[in-house]
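Only one structure is covered here, and it is reproduced in the block below.
Any value given below was found using the heavy atoms of this structure, including those in side chains, with hydrogens, waters and symmetry copies removed.
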Amino acid sequence: MAHICLLLSGAALLLNGVAALDLLPRRDAAVFSLVIGGTQLVLGIAYLGSTGDGRGDAGGTPLLLGAAGMFLFGLTYVYVGLDFLLGLGSRGLGWFCGMVAVCGLLLAAAWAGADPLLAVLWLCWTYLWLLFFLQLALGFERLTPLIGWSLILTSQASATVPALLGITGHWPAGPEAAPSAAAGASVLAFLLLLAAAVVVPVESPLSGELKL
C-alpha cells in the first residue's frame, strides 16, 4: 500500500507543479489533490491495521514509519485541496509544510540505515516542503516558479519510478541499496539544480535594466 500511495503522489506532485506555473487551473489541481490525499489517508489506515491487531505492533518500527509517511503526504494533499477550494489563505498550510519538513528530516534519519534510498527520497521531499513553507508561511512569493519546476522535474524520479520499483519487487536491498541511494541522490540533485537553472533566466533582469 505504501508503494501505491507513492505512485499517487507522483501524479499529485506533477499536477501541482504544472498548476504552480499556471499551465493548469489551480482548481483542477486542488480537486485532484483532495482526492489523492483522501485516498492516501484511507490506505494509510488500512496499512497501519494490516497486521490484524490495529496497532501495527507486529510490523514494528518500519510499519509505523511507513504509515507516518503516508499520513504526512495524505494530510498535505488534503490541506492543499481544501486551502484553495475554501480560500483559507495558505498561511496555515505553509506552517504545516514547515512542520512536515522537520518530520521529513527525522524520517530520513530513521531510514538511513535500513533503507538508504528511501532516506534520500525523504530528503528530496523535505526540500519541497521547505520551499512551500518559505513561500506560503514566510511570504517568499518569488519561489513559485522554482516550486513549480522542482515539483515537475522530481515528481517522477522521487515518486513514480520508486513506486514502480517497489510494486514490481525491484526495490534495491542488500548490497544494491547503497549504490542505488547514491545514484538516486545524484539524479535528484541534478533535477533540482536544473529546476533552479530554468528559473534563473526567467527571473533575470532584461539587458540594460537595473533591478534593485
Side-chain angles (χ1 to χ4, degrees), residues 1-17 20 29-30 32-51 54-56 59-85 88 90-138 147 150-151 154-163 166-167 171 181 184 188 192:
M1 288 187 215
H3 294 135
I4 295 175
C5 281
L6 194 54
L7 185 64
L8 297 175
S9 288
L13 290 171
L14 178 61
L15 263 67
N16 278 287
F32 188 74
S33 295
L34 191 57
V35 172
I36 293 298
T39 302
Q40 288 181 327
L41 292 178
V42 172
L43 290 175
I45 294 172
Y47 178 76
L48 190 58
S50 61
T51 58
R55 296 175 298 173
T61 301
L63 184 139
L64 294 176
L65 290 175
M70 294 165 73
F71 286 125
L72 288 175
F73 270 104
L75 286 172
T76 299
Y77 293 134
V78 168
Y79 203 161
V80 167
L82 291 177
D83 180 76
F84 181 84
L85 295 175
L88 301 180
S90 300
R91 184 63 62 88
L93 174 60
W95 283 102
F96 175 75
C97 288
M99 184 213 73
V100 177
V102 174
C103 292
L105 287 177
L106 297 176
L107 286 170
W111 283 114
D115 194 337
L117 176 57
L118 187 54
V120 168
L121 296 179
W122 270 110
L123 288 177
C124 175
W125 301 327
T126 294
Y127 171 75
L128 297 177
W129 268 305
L130 177 61
L131 289 180
F132 277 111
F133 168 70
L134 294 175
Q135 179 205 27
L136 302 177
L138 302 186
I147 291 174
S150 296
L151 290 176
T154 63
S155 61
Q156 307 310 295
S158 73
T160 304
V161 172
I167 291 172
W171 189 272
L188 291 172
L192 291 173

Validation row: [X], [Y] side chains within 4.5 angstrom (heavy atoms):
X	Y	result
L48	L64	yes
L128	S150	yes
R91	L136	no
Y77	L13	yes
L188	L121	yes
F32	I36	yes
L117	P162	no

Contacts of type side-chain hydrogen bond (donor to acceptor under 3.5 Å, both in side chains), residue [X], not counting sequence neighbours:
X	result
S155	none
W171	D115
T39	none

- Could you list the residues that satisfy ring-ring contact (aromatic ring centres under 6.0 Å, His included) with F96, not counting sequence neighbours?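 For F96 the ring-ring contact (aromatic ring centres under 6.0 Å, His included) partners, ignoring immediate neighbours, are Y79.
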
- ring-ring contact (aromatic ring centres under 6.0 Å, His included) against F71, all qualifying residues, sequence neighbours excluded: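 In terms of ring-ring contact (aromatic ring centres under 6.0 Å, His included), with neighbours along the sequence ignored, F71 is linked to no residue.
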
- Gap separating the CG atom of D83 from the CG atom of L34, nearest 0.5 angstrom: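 Reported value, rounded in 0.5 Å steps: 11.5 Å.
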
If you take all heavy atoms of [X] and [Y], which pair is closest and at what distance?
X	Y	answer
M70	A2	SD-CA, 3.9 Å
S33	G81	CB-N, 4.2 Å
L6	S158	CD1-O, 4.1 Å
Q135	I147	OE1-CD1, 3.4 Å
L43	M1	O-SD, 3.6 Å

- Task: Go through L93 and L88 one step at a time and tell me if the side-chain contact (heavy atoms from CB on, under 4.5 Å) criterion holds.
- Result: CA-CA 9 Å; L93 174 60; L88 301 180; over 6 Å; no

- Query: Is the W125-F132 ring centre distance short of 6.0 angstrom?
  - Reply: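 Ring centres of F132 and W125 not closer than 6.0 Å.
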
Solution key, residues 102-114 side-chain donor-acceptor pairs under 3.5 Å, sequence neighbours excluded:
none

- Donor on one side chain, acceptor on other, Q40 and S9, under 3.5 Å: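 There is such a pair (donor and acceptor under 3.5 Å, judged by atom type) between the side chains of Q40 and S9.
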
- Task: For the pair L151 and L14, evaluate side-chain contact (heavy atoms from CB on, under 4.5 Å) and give the outcome as yes or no after the intermediate values.
- Result: CA-CA 6 Å; L151 290 176; L14 178 61; over 6 Å; no

- Task: Go through the steps for W129 and F73 under the test ring-ring contact (aromatic ring centres under 6.0 Å, His included), then give the verdict.
- Result: CA-CA 10 Å; W129 268 305; F73 270 104; 5.0 Å; yes

- Query: Should the ring pair W95 and F133 be called parallel, tilted or perpendicular, given that the plane angle runs from 0 to 90° and is split at 30 and 60?
  - Reply: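 W95 and F133: perpendicular rings.
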
